[in-house]
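The structure appears below as structure tokens.
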Amino acid sequence: MRPAFLGLLLAVVVGAAPPDVAQRLLLDKCAKCHGGGAKLSDLDATSREGLLKGGKQGAALKPGDAAGSRLYQRISEGKMPPGEPLDAATVAAVRDWINAGALWTAGSSKPSKQYWAFAPPVKRTPPLAATNAIDAFLQSKLREQQLDFNPKAGHRTLIRRLYFDLTGLPPGPDDYGQTYEQAVEKLLASRHYGERWGRHWLDVVRFGETDGGEHNYERMNAWPYRDWVIQSLNQDKPYHQFIREQSAGDVIAPNDPRMVAATGFLVAGPWDSVSAVLNKDETLREQARMDELDDMVTTTAHSFLALTVNCARCHDHKFDPIPTRDYYRMTAFFRGVGFGEREVGSEQARRKRDEYVKPLNRAVSDLRKKIAEIEDAPRTRLLIEKLQALDRDRAGEPRRLPLNPVWNRNVFAEAKSDKFRFVIGGGRKSKLPVVEYLELLPAGHRVTNWTVPKDANPDADVPMEIMLSGPQSVSEIRFASDSKRGSKDGLISVYRLDAWVNDAWREVCSSLDHVGAVEMDMPEVTAAELTPLLTPEQRQQRTELQRGLADLQRQINGGPKVDKLYAAAPKDLEKAWLLERGNVKRRVEELTPGVLSVVGGEVDTGALNNGGTRRLALANWIASEKNPLTARVIVNRVWFLHFGNGIVNTPSDFGVNGDRPSHPELLDWLAVSFMENGWSLKWLHRQIVSTRAYQQSSALNQKAFALDAGNRLLWRMPLKRMDAETLRDSVLATTGNLNLAAGGPSFLLQKNAARGSYIYKALHNDGPEVWKRAVYRFVVRGGERIMMDSFDCPDPSVATPQRAISNTPVQALTLLNNSFVLRQAGLLAARLDKEAPTSSQDRIRRAYHLMYGRAPSDTELARDVKFVAQQSLTAWCRVMLNSNEFVYVP
């Protein structure tokens, strides 16, 4: 083992005495092989009792007698841990622990209460006399290394830094005239602040608008959660209330759509709809439900508490003091929540809506039936022709077209018999399966108009026997359930054809010979193809019916509404169980809801009999000032996003495997002060951007770099490349085309257009409707790459508390050649022509003010005028959009 291990242990356990060092050694090193599910030699090293009991070779521990303890013998001989012998100081600590009686920390197998993250934050006095307390803590650490802050950045740099940091948008030419303090207040009051910082929160909770997974269905009503986040931040909603509403807004105000939308937090992540809804295997369905609960526990714990609670799903957490029992008690808080849409409104509002809509919906149904009577027959005739043509084109494919009501075909090895049977194992539930016709070819035998006499399913199939006049060869069948109208009622979905051969039934083909309906894009009949097939009278009649249909739809749209949201969907409250190693079929005992024992605190036990009030009780525990984690976690997130470094550099993991605070006293001072100031995020922003640390330049100091290359001491402000959304928004803002419309349904940059694919295709659409801020785009899981993906835009399938920062040739090529950038370069040139029509020099000066907030130097101006003359203004704008000064935030 590396000699640094003891130092690491002492850093992990604040003020650790030798017993604590010994316990941490056992839990971190020995428990990998002797604890949890892995107990080699039947030895459990995770408790004093386990060591006293010992394993196959007897007791491992003799309290008061290190020399006689097998544990000490093995580590002092260097045999344990295998391949990494301990340093002398650690061995001595274990010896002293055993000789002192091998006492174990009470209440837990881990010395949890001594770990910094679980101790209540204490507001200490700043170590230096300084105008700003934050600077005092930072400067104290810098002076220990004989360093100091960089000089203050220039006014133009600070204004640009503020605008990009607080709103994600560039300042306009006139914005540089305000004071720094004026800019801070203006930006914090701007609605664009919530759009910028809302995007950060959506990264943490992995907000997406498709399910992900096999079906990846769209969530068209998920956007209200995004809008709630943005509005809440703009209102400076106290952070503890921000927590409560996301966990239980539907309990706090059940008839308020905005409050219910807040619970979209619980279901923002991916969802396996196939296993949860469509799968008929009960075990897989239970497993899918456990995955849903795990998602809610995981999201809640890492977002608010920065703990990897989900690691305890199968065994006690290997590093943090979180037993499996605590994990499953946490799942109990969410046992009344499912994924899906819900209507929001009072019972009276729903009745009013239903009474209004019911007769209109009947009228709509009648009109659609009349339109179908006109359209269905000609449409079906043309559709059959298309299906037959597609079938010929796919003759070499191993499987036939998807099952459909109008025309199906199977081809198989020849079977010669005088008796066949068509065995139906399932159809559409709205109607018993129907065989309008079934042809056996080349025998030429045809069966028509046969309805299955009873419900058919795979466990109780229904055969239709077919007798021929004598043995005949059959190698193909064709059949339909409704070749006249194309109705899916009665569609056969599961079948097989058997032949009586050698005194036994032999299967010759089945529904498995067809591709699934979701696996390929089936042909359709367009309106342009259909209209010529109608008579003039039919066209006129259809037009009148369509007008009536449109009028009815307007009436429905203008009537009473009940909001429909993708948010926490209520379901019957389920029992919670402790599961053996996460196996849903191995229930150990029933559990009641409970919070993490290492954090402590109580929940309202009277609230635990109701699924909603359970969640509110949990939220109140998280949002309590007594919770040592909550305030620390959020102030560290905000700090991280301002400086590019966290006080803790793992913002969603404050556990033993996470980072240690670079400035623990500062973290605690911020956490306590944040709570004292009403849990106000805008207060926190003001404190941070008012510091010398934030206002210093990003210049490189060689001495400081040699001592602290990672800039953990904050001796300079880091130079940051714009993130993906800021870059796109800045391009649009600079060209004058940013659509500042806020909120509402998301705009599409990717679309699942083909029914055979769950990968969302990139759209090459352009125009004001998609020139809104990028936070309002429809966020898909499983989509083709778009421009923002090249700039580390995160995958919404995983939580992203800190985005990757890469520098790749793909980024340069994207910014140079992407169609969006090319179009915007042309539009920027058009703006410059309009706003500075006199000369190239004026156009170039205008561009510098728009893009950089400054005038060009004489050298730059001469160079750029020459470039424009040789190339074009559009080409020069394209170069400017690729410049470091545009892409990087100083």
Side-chain angles (χ1 to χ4, degrees), residues 159-173 175 183 186-188 190-203 207 223 226-227 229-231 233-234 641-642 720-750 762-763 765-779 786-794 796 800 803 805 811 814-815 818-828 831 847 849-853 877-878 880-890:
I159 294 297
R160 287 177 65 77
R161 183 181 295 168
L162 271 181
Y163 268 76
F164 285 118
D165 217 5
L166 292 180
T167 69
L169 293 174
D175 291 322
K186 175 184 176 180
L187 297 175
L188 288 176
S190 167
R191 66 177 174 84
H192 302 312
Y193 158 78
E195 293 168 341
R196 169 63 169 165
W197 284 82
R199 181 63 262 172
H200 294 318
W201 184 253
L202 296 175
D203 281 358
F207 172 74
W223 60 266
R226 175 206 65 209
D227 283 3
V229 170
I230 292 170
Q231 292 160 7
L233 294 176
N234 280 333
L641 292 163
H642 275 299
K720 295 183 287 187
R721 194 200 68 214
M722 293 180 187
D723 60 35
E725 291 89 346
T726 301
L727 180 57
R728 183 180 187 272
D729 292 349
S730 296
V731 170
L732 288 168
T734 302
T735 62
N737 292 302
L738 183 61
N739 178 354
L740 292 175
S746 305
F747 68 88
L748 300 179
L749 292 179
Q750 294 148 298
L763 298 175
N765 52 341
D766 208 3
E769 68 279 1
V770 298
W771 289 347
K772 295 174 69 175
R773 293 205 66 177
V775 70
Y776 295 117
R777 75 181 174 102
F778 191 84
V779 182
I786 56 177
M787 187 196 88
M788 290 188 291
D789 292 323
S790 297
F791 294 91
D792 305 312
C793 201
T800 310
R803 291 195 179 190
I805 301 174
Q811 293 165 355
T814 298
L815 204 54
N818 183 268
S819 59
F820 167 78
V821 179
L822 295 177
R823 171 82 186 279
Q824 294 303 316
L827 293 172
L828 177 57
R831 177 182 184 178
H849 282 290
L850 286 172
M851 303 183 76
Y852 307 146
C877 289
R878 182 181 174 194
M880 293 287 280
L881 292 174
N882 278 265
S883 64
N884 280 353
E885 191 171 355
F886 180 75
V887 173
Y888 280 81
V889 179

Handout entry: Worked verdict on Leu727 versus Leu815 for side-chain contact (heavy atoms from CB on, under 4.5 Å)
Key = CA-CA 10 Å; Leu727 180 57; Leu815 204 54; 4.1 Å; yes
d(Arg721 CZ, Tyr888 OH) to nearest 0.5 Å is 6.0 Å
Pro173 and Leu850 have their tightest heavy-atom pair at CG-CD2, 4.0 Å
Rounded to the nearest 0.5 Å, the CG atom of Leu749 sits from the CD1 atom of Ile786 at a distance of 5.0 Å
Inset, instruction - Could you tell me whether the side chain of Pro794 reaches within less than 4.5 Å of the side chain of Met788, counting heavy atoms only? - result: no
Original post:
Under a 4.5 Å cut-off applied to non-hydrogen side-chain atoms, are Met851 and Leu828 in contact?
Top reply: yes
| field | Salt-bridge present (Glu725, Arg803; N to O < 4.0 Å) | value | yes
Requested in this report: Please tell me if the side chains of Ser883 and Tyr852 come closer than 4.5 Å, counting only heavy atoms from C-beta onward.
Outcome: yes
Q | Residue pair Tyr776 / Phe747, side-chain heavy-atom distance below 4.5 Å | A | yes
For residues 729-745, the salt bridge (charged side-chain N to carboxylate O under 4.0 Å, His left out) pairs (sequence neighbours left out) are Asp729-Arg773
request  = Measure from the side-chain N and O atoms of Thr726 to the backbone N and O of Met722, and report whether any donor-acceptor pair falls under 3.5 Å.
outcome  = no
message = Tell me whether Asp203 contacts the main-chain N or O of His200 through its side chain, where contact means a donor paired with an acceptor under 3.5 Å.
response = no
Closest non-hydrogen atoms of Val229 and Gly198, given as atom of the first, atom of the second and distance, are CG1-CA, 3.8 Å
Side chains of Leu881 and Phe886 in contact at under 4.5 Å (non-hydrogen atoms)
yes
- Message: With a 4.5 Å cut-off on side-chain heavy atoms, are Lys186 and Tyr163 touching?
- Response: yes
Note to self: Can you confirm whether the side chains of Arg226 and Ser746 place a donor and an acceptor under 3.5 Å from each other?
What the structure shows: yes
Quick one, Trp197 and Leu166 - any side-chain contact, counting heavy atoms below 4.5 Å?
yes
Between the OG1 atom in Thr814 and the CG atom in Asp789, the distance rounded to the nearest 0.5 Å is 9.5 Å
In this structure, CG of Leu202 is separated from CZ of Phe207 (nearest 0.5 Å) by 6.0 Å
Worksheet entry | Side-chain heavy atoms of Phe778 within contact of Gln750, under 4.5 Å | no
Review point. Does the side chain of Asn234 pick up a donor-acceptor pair with the side chain of Tyr193 at under 3.5 Å?
Key: no
### Message
Whether the side chain of Asn765 engages the backbone of Leu748 through a donor-acceptor N/O pair (distance < 3.5 Å, no angle test) should be reported.
### Response
yes
Heavy atoms of Pro796 and Val779 approach each other most closely as CG-CG1, 3.7 Å
- Is a donor on one side and an acceptor on the other found under 3.5 Å between the side chain of Thr734 and the backbone of Ser730? yes
* To do: Inspect the surroundings of CG in Leu740 and state if more than 12 heavy atoms from other residues, nucleotides or ligands are less than 6.0 Å away.
  => yes
Under the 3.5 angstrom rule, does the side chain of Asn882 hit a backbone N or O of Arg878 as a donor-acceptor pair?
yes
**Asked** Looking only at atom types and distance, does a side-chain atom of Arg161 sit under 3.5 Å from a main-chain N or O of Pro890, one as donor and one as acceptor?
**Response** yes
Sorted by chain and residue number, the side-chain contact (heavy atoms from CB on, under 4.5 Å) partners of Asp165 (sequence neighbours excluded) come out as His642, Tyr694, Lys720
Separation between CD (Gln824) and CZ (Arg831), nearest 0.5 Å, reads 11.5 Å
Hey, is Arg199 close enough to Asp723 for a salt bridge, meaning N to O under 4.0 Å? no
Correct closest heavy-atom pair for Ala741 and Lys772 would be O-CE, 3.3 Å
Interatomic distance, CG@Leu169 vs NE2@His192, rounded to 0.5 Å, equals 5.5 Å
In short, Leu738 meets Trp771 closest at the heavy-atom pair CD1-O, 3.4 Å
Tightest non-hydrogen contact, residues Asp227 and Gly743, listed as OD2-CA, 3.2 Å
- prompt: Within the distance-only criterion (no hydrogens, no angle test), does the side chain of Thr167 pair as donor or acceptor with the backbone N or O of Phe164 below 3.5 angstrom?
  reply: no
| Hey, does the Lys NZ or Arg CZ of Arg728 hover above the aromatic six-ring of Phe820, less than 6.0 Å from the centre and inside 45° of the axis? | yes
